[in-house]
Amino acid sequence: SSSRGGSSSVPNPSIEAGLIPRETIPNYLKSIMGPQPGSLFGMGVVDLGSGAYFAIEAGGAGNRYLINAINGNIIWRRSRFENSIINQEICDTNSASVVAKLGGTTDHRIPYTLAMSNPFWGTDYGPGIVILNPGHVCIINVTDGAFLGSLEGYFGGEKFGSSIISLQDKRDIHNPVSYVGIGSPDYIGGPGNIWYQGAFYIYKIDDIVSGQYGYYPPEADVHYGNDIPNLNPRHFGYSASNVGDINGDSIDDFVVGDP
């Protein structure tokens, strides 16, 4: 089926049977591309539930692929050597610990997006200025693999991107608004100033794609572990799940774990 988000097509979402086992994808990629020094094929392989698999080469290669789950054909491949901006380079060179399929833009220009995170990502801002493990989440276009935007944790060690979920506001059934929820279980501070209480951020896909958030995520819509009475939070945001529309208001509800 054709898509309004780019030149390539994503396989028909109605296809559910006859899929190539995703565990065979790493060897399949290796047979096509050949061994590459420093790369580990198949890191981040995920079933998108639309007749396609997404796969990442980690450990130095930094390439990513969308693969037809029916015949194994590569729909698109993106190389880290195509980068022109630092945020995109970070997205392509880091491995992905968490990968999640998300909704697209409200205007349907981009039908689906994909989030991939590295909660243990850190950065070096110069001599003596190193931030360890703030975490980083990249958003790309499922249709063609193009880089759309990135989000980063505030503090060292907060592990931003440990959990990622897709959420939608479907009150306008023809133009649903898509969001991404991102867990940051070792977030420090917030209400009550409890160390390592954790946090869960929610961003609108339209705003990420438009570049409104820039390099650092704002605390525009964030839930802290200490917001919940008597929880005594320690790692709020470690896990999360979309549980559907429980209360019937046409907005997705979700649960957040605090182990």
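- Here D169 pairs with R171 under the salt bridge (charged side-chain N to carboxylate O under 4.0 Å, His left out) rule; sequence neighbours left out.
- Across all their heavy atoms, L48 and L66 have their closest contact at CD1-CD1, 3.4 Å.
- Judged by distance alone, with hydrogens and angles left aside, the side-chain atoms of S162 form no donor-acceptor pair with the main-chain N or O of P185 at under 3.5 Å.
- Rounding to the nearest 0.5 Å gives a distance of 9.5 Å between CG of L148 and CD1 of I208.
- When hydrophobic side chains of Ile, Leu, Val, Met, Phe, Trp and Tyr are connected at separations under 4.5 Å, V243 ends up clustered with I246, V255.
- Every residue meeting the side chain to side chain contact (heavy atoms under 4.5 Å, CB included) condition with T105, not counting sequence neighbours, appears here in chain and number order: D107, R109, I110, D206, V209.
- Side chains of F236 and H223 form a contact here, defined as non-hydrogen atoms less than 4.5 Å apart.
- Checked by atom type and distance alone, the side chain of S117 pairs as donor or acceptor with a backbone atom of G161 at under 3.5 Å.
- A heavy-atom distance below 4.5 Å is found between the side chains of N247 and D245.
- Residues S166 and V180 fail the side-chain proximity criterion, which asks for heavy atoms closer than 4.5 Å.
- At distances below 3.5 Å, at least one donor-acceptor pair connects side-chain atoms of W76 with backbone N or O atoms of V142.
- Partners of D47 under the side chain to side chain donor-acceptor pair (under 3.5 Å) rule, at least two apart in sequence or in another chain, do not exist in this structure.
- Heavy atoms only, all atoms of each residue included: V256 and G237 are closest at CG1-N, 3.4 Å.
- In terms of heavy atoms, I164 sits closest to A100 at CG2-CB, 3.8 Å.
- Side-chain atoms of N73 never come within 3.5 Å of backbone atoms of N68 as a donor-acceptor pair (strictly under, hydrogens ignored).
- No cation-pi contact links K101 to F54, judged by a cut-off of 6.0 Å to the six-membered ring centre and 45° from its axis.
- S178 pairs by the side chain to side chain donor-acceptor pair (under 3.5 Å) definition with Q168, not counting sequence neighbours.
- Legend: residues meeting side chain to side chain donor-acceptor pair (under 3.5 Å) with N242, ordered by chain and number and at least two apart, are D252.
- Remark: aromatic rings of Y65 and Y53 are distant, center separation not under 6.0 Å.
- Judged purely by atom type and a 3.5 angstrom limit, S184 has no side-chain atom pairing as donor or acceptor with the backbone of A199.
- Heavy atoms only, all atoms of each residue included: H174 and H108 are closest at O-NE2, 3.0 Å.
- With sequence neighbours excluded, the residues satisfying side chain to side chain donor-acceptor pair (under 3.5 Å) with H235 are D186.
- Listed by first and then second residue, the ring-ring contact (aromatic ring centres under 6.0 Å, His included) pairs involving residues 238-259 are F200-F254 (not counting sequence neighbours).
- To the nearest 0.5 angstrom, K170 atom NZ is 11.0 Å from I251 atom CD1.
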### Query
Please walk me through it: do Y224 and Y187 pass side-chain contact (heavy atoms from CB on, under 4.5 Å)?
CA-CA 9 Å; Y224 299 100; Y187 179 90; 3.4 Å; yes
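- You'll find the side chain of V137 reaches within 4.5 Å of the side chain of F160, heavy atoms only.
- Using a 4.5 Å cut-off on side-chain heavy atoms (C-beta onward), Y179 and I205 make no contact.
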